[in-house]
Each structure stands twice: as C-alpha cells, then as structure tokens.
Amino acid sequence: MSIEIQHINKQFGDFTALSDVSVTIPSGELVALLGPSGCGKTTLLRIIAGLETADNGRILFNGEDTTASHVRERRVGFVFQHYALFRHMTVFDNVAFGLNVRPKSTRPSKGEIREKVMKLLSLVQLDAMAGRYPSQLSGGQRQRIALARALAVEPQVLLLDEPFGALDAQVRAELRRWLRRLHDEIHVTSVFVTHDQEEALEVSDRIVVMNKGRIEQAGTPDQVYEHPANPFVINFLGNVNLFHGRLSQQDAEQHGPVEDAVSYVRSHDIEIDRKQQDSTSLRAEITNIQKLGPTVRVTLAIAGNSKCVEAELTRDLFQNLGLQSGEAVFVRPRQVRVFVEDYQI
Amino acid sequence: MQFFKRHNNVLPGFGPTLGFTVFYLSLIVLIPLSALVFRTMGLTWGEFLATVTAPRVMASYKVTFGAAIIAAVINAVFGVLVAWVLVRYRFPGRRFIDALVDLPFALPTAVAGITLATIYSPNGWVGRYLEPLGIKVAFTPLGIVLAMTFIGLPFVVRTVQPVVEEIEVELEEAATCLGANRWQTLKLVIFPMLLPSILTGFALSFARAVGEYGSLIFIAGNMPMVSEITPLLIITKLEQFDYQGATAIACVMLLASFSMLLIINLLQKWSRRYAE
C-alpha cells in the first residue's frame, strides 16, 4: 500500500506546522520521518493517520483519496510514543481490542480471535505474558504489545510516533533491530517518526528529513548521508565542522559567482598528522581529548582561526599516533562539501 | 524478638507517629463509637430487638437508606457528567461553575434545607409548576432524595474530576484507530478507568446522605412511617430521655453504614485489580 502525500499545509494559530509538504512513500517500505522537535513530523504522521486534518492537500492510499475518510475507515495501525495501552485490560484483551469492537457481521469468532492474538503475541515474543496487565510489563515489552495491538486489525499502513522515544538506550537499540527484522517478515508499509539520526539510518529503507514544516531531502539512508542536499541535512546527520572561506576559482565555476561559502567536513573525515601532507593541511593545536568508547574525539584549535574543530578517530588510530593534549599537529579534511552561504544555522 | 522490623526511612519516628495516629483516631472516632455500643448494652437482647425493629423505626430505615441510595445513584450519574464537562470543555464561566460545585460542602445544611423547602413547596418558585403535574417534592420522601442529592454532589464530582484529567487523549485515539466508535470507546476504555473513582464518590455521597440531618428535617415533612428519617427518630428518643433506645437505633445505623462502605470498598478494590 503506497502513500502519496500531496501539498499538505497545516497551521496551528500563527504557527505553520507544515507548509506544502509532498512526498511519496512506496509500498512495503519502512520510512523514517527525521527532524528536530517541532519540525512537523509528528503532525504529518497524525495527518496520514487521520487523527489530524490538513488545512489543504491530499493523502492518497494506493492512489485512492482518503482525505475525507474517518480514522476508523483508513485501517491504519498507530503506535504511540507512550504506548497508550488500555491499563485495565490484560495484554490479551489489549491485542484483541481491535477485533472485539468490529460489528457482529465481520467479527471473527472467539476461537479465531484467540488464535490470532496468540499468533501475534508469539510474533512479538510475548506469548507468555497474555494474562498480565500492562503495569506488570517493562517499557520495551509494552511497546511490543502496542505494536501487536496495532497489527491485529491487519492495517494497510503502520504508523509509529517516536516508538522508542521513552525507552532507555540499550532497549531502544535492541528494539529497533527487532523492528527491522519484523518489517522484513511482514512487509507492511510503515512510517516512523524519530529525531534520532542513528535510528533513522539504521532501521529505515528511506529517510525523509524535515525541518520547520518542510521536507529538506528524501532518499535512501546512503543518499541522504553521502549526498546531503543542503547544510541542514549534513548538519543534522552526524557531527560536522564548518569552515568559512571564499570559493576558489574552480569551485566558483560550479556554484556561480558567490563570494561567501561554507565548507562542511564531518568529524570522522578529518585526518590528524604530525607532518604536513599537502597544501590542504592546516596547522592546529590539540585542546581537548575525549574518549567515547570505540572512538576518540579530539578538539583542535586551527592556527589563525577562532573556531575549534572536532575530529573523531578510532581508538586504534589514536593510540598509534600517541596524541597528547596541547600538541601541535596538522589537520587535513578528507572530504569537503561546499554550500554557498544562503542558509543560516 | 522485635515486633516491628526497622526500616530506614526518610521520615523519622515510625513509633511516635503510629502512636499518635492510634491515639488520635481513638479519641476522635473509636471512643465515641464504643461508648455508643456500651450504652446500648444496658438493654437486654429482647428489648434491643424490640426497639430497633419497631414498625416506625423500620419505616425510617427504609426512608433513610432508600433515599440515600437513590440520591447516591443520581449523583454518580450526574456528578460524572459534571466532572467530565468541567475537565474536557472550555467555556466561559467554567471556573465559576467549578467553584459552585463545592457550595453544598460549605453551606450550613439548615440553610440548604430551608431554601430547598421554600422553592419546592407548593407555592414556591419551582414547586408551583410541579404542583399541577401532581408532583409534590417538599415534605415528601422525594424532598428527602432531593436534599440528599444536593449535599452529596460534590463528593462524586471531586473524586471523579482528577481521574478524568488523567485520561490521556491518546487512549481514545488508540481506540479509534483500532476501529472502535465513540460509544465503544466510552464503554470499553473510558468507563472502566473511571469506575473506581465513581464507586468512591458513590460511597462518600451515600455515607454523607445517611448521616444527614440538618437539611432533611426542613424538607422531609417528618411524617411517621412516611417521611421520617432515622436520625430524626434518634433525636425524638433523646428528647424523651430514652437514651438507650436512641443508642440502639444508632448502633444499627452504624453497622449498616459500615457494612455498606465495606462492600463498596471491596468492589472498588476489585475494579482496580489491574493497578499493581
């Protein structure tokens, strides 16, 4: 079931939540809506679900206009950040809810419901918990039950609103890998909202980067990471250093006659060396060293530049170089992306 | 052997605080109530039974407990409605109405009784329109129900209100996404969550109504066998210096109220079985 989002606008009072958003979500893919908080990603998700109505624009499911249809008729599975489980019902009754509320004519028999619920519970690996209440489960387990409950009604699309947002780091990492595997198994078109770039890069087939109610870039994780469309995207996906400067003759041909330009270099694309390699090497002094598990973050002050630069090295490389704080070294950007200055960050 | 295991707690002095609590409760609640029972012991079992099962007394139980249950049911229904409207909707005058709910708490009950009796009497503001329809409110059991409803309303509203505030909109959205209509969402999701607080409000409202005296004597009409409430009967006995008779009836009321509250508490516990 593909989803087409066409020219959606949404205004909350004076605040523009979404302005002219158009994007197509291909059938069977797992798509991440990525952006900082307040960028409109949750609003877009709620509009797809029908929980919110757009001021104008259309939402098509498989080419069919659903803009006017009620949430109940859209057959969407929605997973909330804080689970929204019915706490007075057992896990079993929570998952069975969507089947039990069907009108008599289309409701499966008690036996069929039981069979289906137990199948879903084993899919989310919680079949032993059927008789428990949500308050007796951990956060990760609750979110899996919420997912099973959403899947019970055989939704055309699955929408997840920051599904791992309320969980601690380890459970979150575990659960998103599990979600990826689950999606490979059931292939229902899924959209999930996240502000965590790592999560988006790891889990999704396609990333839609949003900012201030607009879509900045949409593409596969590789496209978005390797070929960011603009400074916002490169800035949002990973740590990045800025170098202000003028365009060389060669770059100016590419970008037109603009004077100011900003180069963006990712932290892990900065090489540190004791010798000067070539003309792109810059003299710098190490001001701070932070060890972050497998990587080491080195902060450097570039000679003749007030701004600091951060470089990320692997622990191995760091130990081979034997860098010390206060040492004078040379830095060389391995890969540079240049954007002309029309964009304030 | 130590009777109480020592726990390290931020609040100091488990011993003194427990001691004070027991002492305080004894002084305020337990000693007066036991005095009631001791006084009644002056009667023989036969006398006791004869006093508490006299036809006039039996009729008064029926009026008091019957009217209290009806009033508590009315409050449980409309109190929930009021709480819901106050929490879920924004309208001009909401804060004023919110404050109005507490009025029956604060108003002297005699004032309430006289006011209700006046406006519902056959020539009162409201009563004169009910009279031609054959509905008599003041000086009948209906008046008792009315006054009991009035004094019990805040109990339901104030116990249900915070629970309505706590219900996340997400739960309703989740139910809708799963295909439930408004009625199913109300019946299967919202009502079960409100039930424990409705039961608490019901119990409080009921207990208050059973014990009410001040407002009722003005509106009840106090006709023996028809609209005479048990507390009034107790006062009558006291005025006749029949102290033992008065305490005997009081004991029965105490027992009845206590067992009803106990049953409601058990019901409430059952309705909250999911909360660990």
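Quick caveat: nothing in here was measured; it's all calculated off a predicted structure. Chain identifiers are assigned alphabetically (A, B, ...) following the order of the sequence lines, protein sequences preceding nucleic acid strands; residue numbering begins at 1 within each chain.
Environment of CZ in A:Phe12: crowded, with over 12 heavy atoms of neighbouring residues, nucleotides or ligands closer than 6.0 Å. Atom CD of B:Glu168 has more than 12 neighbouring heavy atoms from other residues, nucleotides or ligands inside a 6.0 Å radius. Around atom CZ of A:Arg114, no more than 12 heavy atoms belonging to other residues, nucleotides or ligands sit under 6.0 Å away. The 12-atom threshold is not exceeded at OH of B:Tyr89, counting heavy atoms of other residues, nucleotides or ligands nearer than 6.0 Å. A 6.0 Å sphere centred on CZ of B:Arg182 holds no more than 12 heavy atoms belonging to other residues, nucleotides or ligands. Shown here is B:Phe105, whose CZ atom has more than 12 heavy atoms of other residues, nucleotides or ligands within 6.0 Å.
Of all non-hydrogen atoms in B:Ala174 and A:Ala84, the two that sit nearest each other are CB-O, 4.1 Å. When every heavy atom of B:Glu166 is checked against every heavy atom of A:Arg87, the shortest pair comes out as O-NH2, 4.4 Å. Between B:Leu178 and A:Phe86 the shortest heavy-atom distance is CD1-CE1, 4.3 Å.
Contact annotation for A:Arg46: only side-chain heavy atoms (C-beta onward) come within less than 4.5 Å of a heavy atom of chain B. When heavy atoms are compared at a cutoff of 4.5 Å, B:Glu173 approaches chain A by way of both its backbone and its side chain. Contacts between B:Glu170 and chain A at a heavy-atom distance below 4.5 Å involve backbone atoms as well as side-chain atoms. For chain B, no part of A:Ala146 is nearby; none of its heavy atoms comes within less than 4.5 Å.
For chain B, the option among A:Val76, A:Leu51, A:Val71 with the highest count of heavy-atom pairs below 4.5 Å is A:Leu51.
We find the NE2-CG distance between A:His70 and B:Asn181 to be 9.5 Å, quoted to the nearest 0.5 Å. Rounding to the nearest 0.5 angstrom, the gap separating the CZ atom in A:Arg75 from the SG atom in B:Cys177 is 13.5 Å.
Residues of residues 93-112 of chain A placed with any heavy atom under 4.5 Å of a heavy atom in chain B are listed by number as A:Phe97, A:Gly98, A:Val101.
Counting only distance, with no hydrogens or angles, the side chain of A:His88 and the backbone of B:Leu188 share a donor-acceptor pair below 3.5 Å.
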